[in-house]
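In what follows, a single structure is set out as structure tokens and then discussed.
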Amino acid sequence: MSENESTIYTRGGDRGQTSLLTGRRVSKASARVACYGDVDELIAQLAVASELARQHAATQVLQAELEVHQDLAMRAAALLASDDPVRAASLPQLPEGLCARLEAQIDEMTADLAPLTRFILPGGSLLSAQLHVCRTVCRRAERAATGLSEQEPVDPDLLRYFNRLSDWLFTAARYANLQLQSPEQLWNPQGS
């Protein structure tokens, strides 16, 4: 490798520090880094769900939406990685009307689903189970962003997006089972 080629390792984080987009060094344990780390995990989990959805013609509509949310989550992570509102304003933003769009999609999927009368257990199909994993990671990212917002400014649109996306992922998990003709697993509070 020549001197001009970059390497994946920089050794800059060997002492538990990392750089935000502004260049400011912070602890890797900071609330901001933990938050965009949770979003990074969400992006990777969405990739798994997207690949699972790609395998079935019945769920390819979900697959396309999951790719959209990978991009949107990348935008969210970048916004969270900047502690400077001026710098953040120059980054790709979440689109206007995003939560309304998610709500419309949730309503559309829900129209085809049986009403929920009991709690469900994640599963039924591998895709549905993975969408529930995405949902739980999204909720963790939402909790982290909420915690960060109590210490530092966080765009409220990010909090709304994570909240609505987790609802979308829950509904998409149910919808995937419907499309794949996999029965939902209802939780029996009395035991098996």
Sequence neighbours excluded - salt bridge (Lys or Arg N to Asp or Glu O under 4.0 Å) pairs with any residue from residues 91-102: Glu65-Arg101
Run the side chain to side chain donor-acceptor pair (under 3.5 Å) test against Ser128 and tell me which residues pass, sequence neighbours left out. Asn177
By the ring-ring contact (aromatic ring centres under 6.0 Å, His included) test, which pairs, at least two apart or in different chains, include something from residues 76-129? none
At what distance, to the nearest 0.5 angstrom, does OG of Ser82 lie from CZ of Arg32? 7.0 Å
Donor-acceptor pair, distance only, cut-off 3.5 Å: does the side chain of Gln93 make one with the backbone of Leu91? yes
How far does CZ of Arg75 sit from CG of Leu79, to the nearest 0.5 angstrom? 9.0 Å
Would you kindly confirm whether Leu158 and Met74 end up in one hydrophobic cluster when ILVMFWY residues are joined by side chain heavy atoms under 4.5 Å apart? yes
Do Leu116 and Leu121 share a hydrophobic cluster (ILVMFWY, side-chain heavy atoms under 4.5 Å, transitive)? no
Taking every non-hydrogen atom, the tightest pair across Val154 and Ala145: CG2-O, 4.1 Å
Linked, directly or transitively: Met109 and Leu180 (ILVMFWY side chains, under 4.5 Å): yes
Decide yes or no for Leu148 and Tyr36: does some side-chain heavy atom of the first lie under 4.5 Å from some side-chain heavy atom of the second? no
For Ala49 against Leu127, the heavy-atom pair lying closest together: O-CD1, 3.4 Å
OG on Ser125 to CD on Gln181, rounded to 0.5 Å: 11.5 Å
Filter on ring-ring contact (aromatic ring centres under 6.0 Å, His included), then keep only pairs touching residues 73-114, sequence neighbours left out; what's left? none
Applying ring pair (Phe, Tyr, Trp, His ring centres under 6.0 Å), can you list everything that pairs with Phe162, at least two apart in sequence or on another chain? none
Any chance you could measure Ile120, atom CD1, to Leu186, atom CG, to the nearest 0.5 Å? 8.0 Å
Measuring from Gln130:CD to Leu46:CG, what's the distance to the nearest 0.5 Å? 8.5 Å
Contact between Thr136 and Pro122 at the side-chain level, heavy atoms closer than 4.5 Å - yes or no? no
Hey, mind stepping through Leu42 and Leu165 against side chain to side chain contact (heavy atoms under 4.5 Å, CB included) and telling me if it holds? CA-CA 11 Å; Leu42 173 62; Leu165 178 60; 4.1 Å; yes
Could you work out, with side chain to side chain contact (heavy atoms under 4.5 Å, CB included) as the rule, every residue matching Glu67, not counting sequence neighbours? Ser50, Arg54, Gln63, Gln70
Distance-only, no hydrogens or angles: does the Thr59 side chain make a donor-acceptor pair with backbone N or O of Leu62 under 3.5 Å? no
Where the side chain of Arg135 meets the backbone of Leu169, is there a donor-acceptor pair that is under 3.5 Å apart? no
Quick one: list whatever passes side chain to side chain donor-acceptor pair (under 3.5 Å) with Gln185, sequence neighbours left out. none
Does Val68 share a hydrophobic cluster with Val39, counting links as ILVMFWY side-chain heavy atoms below 4.5 Å and allowing steps through other members? yes
When hydrophobic residues are tied together by side-chain contacts of less than 4.5 Å, even through go-betweens, does Ile106 share a cluster with Phe170? no
Listed partners of Arg140 passing side chain to side chain donor-acceptor pair (under 3.5 Å), at least two apart: Asp38, Glu41
Quick note, salt bridge (Lys or Arg N to Asp or Glu O under 4.0 Å) partners involving residues 166-176, not counting sequence neighbours, are Arg139-Asp167, Arg174-Glu184
Measure the shortest side-chain to side-chain distance between Leu66 and Leu131 over non-hydrogen atoms and say whether it is less than 4.5 angstrom. yes
Does anything in residues 103-126 form a salt bridge (Lys or Arg N to Asp or Glu O under 4.0 Å)? List the pairs, not counting sequence neighbours. Glu103-Arg164
Locate the shortest heavy-atom distance separating Cys138 from Ser166; write the atom from each residue and the value. SG-N, 3.8 Å
Just grab all the ring-ring contact (aromatic ring centres under 6.0 Å, His included) pairs involving residues 68-89, residues at least two apart or on different chains. His69-Tyr161, His69-Trp168
How many angstroms lie between CD in Gln105 and OH in Tyr175, if you round to the nearest 0.5 Å? 10.5 Å
Taking only residues two or more places apart in sequence, or in another chain, which ones meet Arg160 in a side chain to side chain donor-acceptor pair (under 3.5 Å)? Asp157
